[in-house]
> 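Here it is: the structure, laid out below.
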2 protein chains.
Amino acid sequence: MRPLFHPAIEDVRPEAILHALADPVRAAIFARIMGAGFVEACSAVSAVGDRVIPKSSLSTHFKVLREAGLIRSERHGVEMRNHSRYDEVNARFPGLLIAIINAYARSSAPRAAAQ
Amino acid sequence: MRPLFHPAIEDVRPEAILHALADPVRAAIFARIMGAGFVEACSAVSAVGDRVIPKSSLSTHFKVLREAGLIRSERHGVEMRNHSRYDEVNARFPGLLIAIINAYARSSAPRAAAQ
DNA sequence: TCCCATAGTTCGGAATTACAGAACTATTGA
DNA sequence: TCAATAGTTCTGTAATTCCGAACTATGGGA
């Protein structure tokens with residue numbers, strides 16, 4: 001198990017962020033990490049919506065988010081803690097993450113929520 | 001040649017927009033359409049940066065942008081005019097498009113441009 | 001009207017990427 | 001040392017992407 005790779009903030013690319021968050025499952029995971037006090041174990045995300053995500057897929061999703069520069073993962077005993085890198089990313093790309101999270105919130109709302 | 005499909009604004013999904021703009025070539029094309037008076041023929045985009053794009057790929061890129069709801073394409077004689085749907089999209093997902101375009105502008109700048 | 005040039009689209013095969021089950025590794029606790 | 005838990009990696013299959021070649025559509029002459 002090779003050590004986890006985290007890009008430096010100046011190496012974070014918009015295309016990687018957009019690609020990572022273009023998947024609704026990953027966007028939901030990221031939104032949850034941002035919302036839930038900025039820390040969450042992988043195992044806490046066994047399902048998104050009513051869809052169960054196999055753990056190999058989950059692992060890949062976290063890897064994509066990590067390598068896009070959106071989260072920082074560190075081992076804590078047997079589990080993984082995932083911190084959002086929101087502040088760093090927002091400083092580099094102002095407004096990007098909020099706009100994306102809001103867009104998903106709007107589109108999943110029945111009609112014009114997140115107003 | 002089937003008629004071009006344009007989604008209604010309420011059917012536009014954030015994942016489609018992010019997927020469309022996660023490709024730097026498409027993002028550059030969209031930025032150019034937005035910048036260049038909101039109208040541009042496909043053939044005006046033979047290259048992005050120093051990279052020449054084959055026309056079959058170009059056609060697909062425009063199709064992805066169109067079906068994501070980002071542009072509206074209409075035939076004008078022998079050529080195609082591509083209008084940005086910025087206003088509609090921005091009304092539905094406020095700040096999303098600007099943030100994305102700005103992010104690309106920042107990342108391609110040598111150091112902290114688009115300030 | 002017929003033909004040609006221009007602008008885009010569609011087809012098809014190769015290359016790449018994504019998904020998820022199975023096997024593996026790492027850590028903790030009994 | 002063994003079992004349990006949490007994640008990762010491997011591997012084969014499925015889905016996407018890319019781009020050259022062939023095709024379609026429109027307009028402008030001769």
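Naming: A, B, ... by sequence-line order, numbering from 1 per chain. The model shown is predicted, which means the values in this text are computed figures rather than measured ones.
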> Examine D:dT8: is either OP1 or OP2 under 4.0 Å from a nitrogen or oxygen in the side chain of A:Ser59? Give yes or no.
yes
> Indicate yes or no for a side-chain donor-acceptor contact from A:Arg66 to the backbone of A:Leu4 under 3.5 Å, with no hydrogens or angles considered.
no
> Go through the steps for B:Ile100 and A:Leu96 under the test side chain to side chain contact (heavy atoms under 4.5 Å, CB included), then give the verdict.
CA-CA 6 Å; B:Ile100 293 173; A:Leu96 182 62; 3.7 Å; yes
> Tell me which residues in residues 44-58 of chain A lie within less than 4.0 Å of DNA chain D, going by non-hydrogen atoms.
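Close to the strand are A:Lys55, A:Ser56.
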> Apply the side-chain contact (heavy atoms from CB on, under 4.5 Å) test between B:Ser73 and each candidate in B:His83, B:Arg81, B:His6; give the one that qualifies.
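Answer after filtering B:His83, B:Arg81, B:His6: B:His6.
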> Work out how much the helix from C:dT1-D:dA30 to C:dA30-D:dT1 bends between its end axes, five pairs an end, to the nearest 10 degrees.
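Comparing the first five pairs with the last five, the axes sit 0° apart.
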> So A:Pro94 and B:Arg106, do their side chains get closer than 4.5 Å, heavy atoms only?
yes
> Just the rounded figure in Å: distance from P of D:dG27 to CZ of B:Arg75.
8 Å
> Would you indicate whether the side-chain heavy atoms of B:Asn102 and A:Phe93 approach each other to under 4.5 Å?
no
> Using only atom types and a distance under 3.5 Å, with no angle test, would you say the side chain of B:Ser108 pairs donor to acceptor with the backbone of B:Tyr104?
yes
> Heavy atoms under 4.0 Å, any strand shown: does B:His76 hit a base, just sugar-phosphate, or nothing?
nothing
> Taking CE from A:Met80 and P from C:dT25, how many angstroms apart are they, rounded to a whole number?
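Computing the A:Met80:CE to C:dT25:P distance gives 17 Å.
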> Is the side chain of A:Asn82 donor-acceptor paired with the backbone N or O of A:Ile33 at a distance under 3.5 Å, no angle test?
no
> Send over the distance from A:Glu67 CD to C:dT17 P, rounded to a whole Å.
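Distance, rounded to whole Å: 13 Å.
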> Dump every N/O contact between nucleotides 2-6 of chain C and the protein below 3.5 Å, one line per pair.
none

> Set out, in order, the CA-CA distance, both residues' side-chain angles and the distance that settles salt bridge (charged side-chain N to carboxylate O under 4.0 Å, His left out) for A:Glu15 and B:Arg26, then state yes or no.
CA-CA 11 Å; A:Glu15 55 265 44; B:Arg26 281 195 294 263; over 6 Å; no
> Atom CZ of B:Arg26 to atom P of D:dT17: distance rounded to whole Å?
7 Å
> Tell me the interatomic distance from B:Lys63, atom NZ, to D:dT16, atom C1', rounded to whole angstroms.
12 Å
> To the nearest Å, how far apart are A:Glu79 CD and D:dT8 C1'?
16 Å
> Rounded to the nearest angstrom, tell me the gap between atom CG in A:Leu4 and atom C1' in C:dA26.
12 Å
> Would A:Arg72 and A:Glu88 count as a salt bridge (charged side-chain N to carboxylate O under 4.0 Å, His left out) if you check the C-alpha gap in whole Å, the side-chain angles of each, and the deciding distance to 0.1 Å?
CA-CA 11 Å; A:Arg72 197 178 291 281; A:Glu88 286 174 276; 3.3 Å; yes
> To check you understand the geometry: which heavy-atom pair defines the closest contact between A:Ile17 and A:Val89, and what is its length?
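In terms of heavy atoms, the two residues are closest at CD1-CG1, 3.8 Å.
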> To the nearest Å, give me how far apart CD (B:Glu74) and P (C:dT9) are.
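Rounding to the nearest Å, CD of B:Glu74 and P of C:dT9 are 14 Å apart.
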> Measure the shortest side-chain to side-chain distance between B:Leu70 and B:Leu97 over non-hydrogen atoms and say whether it is less than 4.5 angstrom.
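Yes; the side chains approach each other to less than 4.5 Å.
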